[in-house]
**Student:** 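Have a look at the structure that comes next, please.
For reference, positions follow the sequence shown, starting with 1.
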Amino acid sequence: MTQHTDEQQHTDEKPKKVIVITDADSVLLHKKLRLGQLVCNLSYVSLLVVFTLNYFINDNVKLVTWIVSMFPLLIFIPGLLKPKHRTYSWMCFVLLMYFLFLIPLLMSNWHWGYWLMTSLVTLLFIAAMMTSRWLQYWNYYLSTKTNHS
């Protein structure tokens, strides 16, 4: 049995990929980030409004149901006000719970309200996922600018 020396172990590892974001790339990245945050915030608020309207319009929706549907989303307000990529990533995980609830409702009852909620959850999921990635790249770009300046 042969033992690898410390040098041999380091040469067997894959080299880490270095991400280079130029100043020209940063302009496009910043536009994507701002658009992603705008779509995220608009779909987030719209989803909260739709849940609230559903509570007031439908007689069979109880207060507890409204609170349970709103609470997981309301947790993210501080993280959305001071953007952090982890907030957007965690929001994606929570939105999966809404998919699990909405898709069976949508397939059993083709009500326009379920379509609207499902569309907003889908839009918010995609926007949050992309915004999380763009925010990570943007923070990386800013950290490389301050380290090299």
**Student:** Would Leu28 and Val20 show up in the same hydrophobic cluster when neighbours are defined by side-chain heavy atoms closer than 4.5 Å?
**Tutor:**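 No, Leu28 and Val20 fall in different hydrophobic clusters.
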**Student:** Which heavy-atom pair separates Tyr44 from Leu74 by the least distance, and what is that distance?
**Tutor:** OH-CA, 3.6 Å
**Student:** Quick one: CG on Leu29 to NZ on Lys32, what's the gap to the nearest 0.5 Å?
**Tutor:**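 Between atom CG of Leu29 and atom NZ of Lys32 there are 7.0 Å.
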**Student:** When rounded to the nearest 0.5 angstrom, what distance separates CG in Asn54 from OH in Tyr114?
**Tutor:**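 Taking CG in Asn54 and OH in Tyr114, the distance rounds to 7.0 Å.
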**Student:** Just distance, no hydrogens or angles: give the donor-acceptor pairs under 3.5 Å from side chains in residues 79-102, sequence neighbours left out.
**Tutor:**
from, atom 1, to, atom 2, distance (Å)
Ser89, OG, His85, O, 3.2
Ser89, OG, Ser132, OG, 2.8
Tyr98, OH, Ser69, O, 2.5

**Student:** Sequence neighbours excluded, which residues qualify as side chain to side chain contact (heavy atoms under 4.5 Å, CB included) partners of Leu42?
**Tutor:** Leu38
**Student:** Can you establish whether the number of heavy atoms outside Asn60 located under 6.0 Å from its atom CG is more than 12?
**Tutor:**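 Yes - once you tally the heavy atoms of other residues, nucleotides and ligands closer than 6.0 Å, there are more than 12.
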**Student:** Write down the atom of Trp134, the atom of Gly36, and the distance for their closest heavy-atom approach.
**Tutor:**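 For Trp134 and Gly36, the tightest heavy-atom pair comes out as CZ3-CA, 4.2 Å.
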**Student:** If you measure from OG on Ser43 to CD1 on Ile126, what distance do you get to the nearest 0.5 Å?
**Tutor:**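 Atom-to-atom, Ser43:OG and Ile126:CD1 are 10.0 Å apart.
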**Student:** Can you hop from Ile103 to Val50 via hydrophobic side chains spaced under 4.5 Å?
**Tutor:** yes
**Student:** Kindly indicate whether the side chain of Val45, heavy atoms from C-beta on, has any atom under 4.5 Å from the side chain of Val49.
**Tutor:** yes
**Student:** Hydrophobic clustering (ILVMFWY, side-chain heavy atoms < 4.5 Å, transitive) - are Leu116 and Leu48 grouped together?
**Tutor:** yes
**Student:** Do the non-hydrogen side-chain atoms of Val27 and Lys31 ever get within less than 4.5 Å of each other?
**Tutor:** yes
**Student:** Is the backbone N or O of Ala128 less than 3.5 Å from a side-chain atom of Thr131, with the two atoms forming a donor-acceptor pair by type?
**Tutor:** no
**Student:** Please check: side-chain N/O of Tyr137 versus main-chain N/O of Ile21, any donor-acceptor pairing under 3.5 Å?
**Tutor:** no
**Student:** Under the 3.5 angstrom rule, does the side chain of Thr118 hit a backbone N or O of Trp115 as a donor-acceptor pair?
**Tutor:**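 Such a contact is absent between Thr118 side chain and Trp115 backbone.
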**Student:** Check side chain to side chain contact (heavy atoms under 4.5 Å, CB included) between Thr52 and all other residues, then give those that pass, not counting sequence neighbours.
**Tutor:** Phe56, Trp66, Met70
**Student:** How far does CE of Met130 sit from CG of Leu135, to the nearest 0.5 angstrom?
**Tutor:**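 It is 12.5 Å, given to the nearest 0.5 Å.
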**Student:** Cluster question for you: counting only ILVMFWY and a side-chain heavy-atom cut-off of under 4.5 Å, with indirect links fine, are Phe51 and Val64 together?
**Tutor:**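 No, it is not one cluster - the side chains of Phe51 and Val64 are not joined through contacts under 4.5 Å.
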**Student:** Measure across Leu124 and Cys40 and return the closest heavy-atom pair with its distance rounded to 0.1 Å.
**Tutor:**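 Heavy atoms only, the tightest pair is CD1-O, 3.4 Å.
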**Student:** At what distance, to the nearest 0.5 angstrom, does CE of Met117 lie from CG of Leu53?
**Tutor:**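 Met117 atom CE to Leu53 atom CG measures 9.5 Å (nearest 0.5 Å).
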**Student:** Given Gln37 and Arg34, is the side-chain hydrogen bond (donor to acceptor under 3.5 Å, both in side chains) satisfied, shown in steps?
**Tutor:** CA-CA 5 Å; Gln37 288 175 323; Arg34 293 294 169 227; 2.5 Å; yes
**Student:** Between Thr22 and Asp25, does any side-chain donor sit less than 3.5 Å from a side-chain acceptor?
**Tutor:**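 Short answer, yes.
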**Student:** Is it the case that one hydrophobic cluster holds both Tyr55 and Leu120, taking links as side-chain heavy atoms less than 4.5 Å apart, direct or via other members?
**Tutor:**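 Looking at the clustering, Leu120 is in the same group as Tyr55.
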**Student:** To the nearest 0.5 angstrom, please state how far the CD atom of Gln136 sits from the CD1 atom of Ile19.
**Tutor:**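 If I round to the nearest 0.5 Å, the distance is 9.0 Å.
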